[in-house]
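The structure appears right after this line, and notes come after that.
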Amino acid sequence: LALPNLKKGETLEVNGEVCDVVEATNAENTRNFMWAISVKDRLPRRFMRGTGKEKILEETVNFSDVKTDAKAADGALPG
C-alpha cells in the first residue's frame with residue numbers, strides 16, 4: 001500500500017501525552033491513516049484508519065502504558 005500523500009498535522013493529547021500527528025492517504029484518496037507519536041519518547045500512542053474522502057473512521061487503536069526499555073523480553077540488550 002503506497003501512501004504518497006503524507007503530512008504533519010496538529011499536535012494531539014492522547015492519555016495525557018502530547019503527540020505529533022502524522023496523516024497519510026493513498027494516491028486515490030480512498031484510504032487514510034493517522035498516527036499520534038509521543039513528543040517525549042517518539043513512540044506511538046494512537047493509530048486511526050479510515051476510508052473515503054470524508055475520512056469515515058473504521059478503526060482506532062490506542063496504546064497505553066507504553067514503556068521504553070533497552071532490554072528485550074529475555075533480558076538481552078539489543079545489538
Side-chain angles (χ1 to χ4, degrees):
L1 176 64
L3 300 171
N5 305 313
L6 189 65
K7 70 175 186 172
K8 184 180 183 303
E10 301 290 324
T11 58
L12 176 69
E13 189 171 311
V14 178
N15 296 326
E17 194 78 33
V18 177
C19 297
D20 286 330
V21 172
V22 177
E23 299 174 1
T25 58
N26 63 353
E28 297 79 24
N29 208 21
T30 57
R31 304 287 302 156
N32 54 75
F33 303 88
M34 186 278 291
W35 294 267
I37 301 170
S38 170
V39 171
K40 182 179 175 184
D41 59 22
R42 307 312 297 167
L43 293 173
R45 294 300 194 273
R46 178 175 290 162
F47 170 75
M48 297 174 74
R49 177 175 63 98
T51 58
K53 294 179 183 176
E54 297 81 27
K55 297 184 179 181
I56 298 169
L57 183 63
E58 289 184 351
E59 175 182 40
T60 298
V61 178
N62 287 310
F63 303 92
S64 60
D65 294 325
V66 177
K67 297 185 178 20
T68 57
D69 189 347
K71 292 184 181 179
D74 63 2
L77 292 172

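Along the sequence shown, the residues carry numbers beginning at 1. Note that these values count all heavy atoms, side chains included, but never hydrogens, waters or copies made by symmetry.
- Scanning for side-chain hydrogen bond (donor to acceptor under 3.5 Å, both in side chains) contacts around Thr25 gives Asn5, with sequence neighbours left out.
- Residues that satisfy the side-chain hydrogen bond (donor to acceptor under 3.5 Å, both in side chains) test with Glu10, not counting sequence neighbours, are absent from this structure.
- Remark: Phe63 CZ to Leu43 CG distance equals 10.0 Å, nearest 0.5 Å.
- Connectivity analysis of hydrophobic side chains (ILVMFWY, heavy atoms under 4.5 Å, direct or indirect) links Met34 to Leu12, Val14, Val21, Met48, Leu57.
- Applying the ring pair (Phe, Tyr, Trp, His ring centres under 6.0 Å) test to every pair with at least one member in residues 8-27, sequence neighbours left out, gives no pairs at all.
- For Lys8, the NZ atom counts as densely surrounded, since its 6.0 Å shell holds more than 12 non-hydrogen atoms of other residues, nucleotides or ligands.
- Members clustered with Val18: Val39, by chain and number, using a 4.5 Å side-chain heavy-atom cutoff among hydrophobic residues.
- Note that CZ of Arg46 is 7.0 Å distant from CG of Asn15, once rounded to the nearest 0.5 Å.
- Scored by the side-chain hydrogen bond (donor to acceptor under 3.5 Å, both in side chains) test, Glu59 finds Arg49 as partners (sequence neighbours excluded).
- Taking CD from Glu58 and OG1 from Thr51, the interatomic distance works out to 4.0 Å, rounded to the nearest 0.5 Å.
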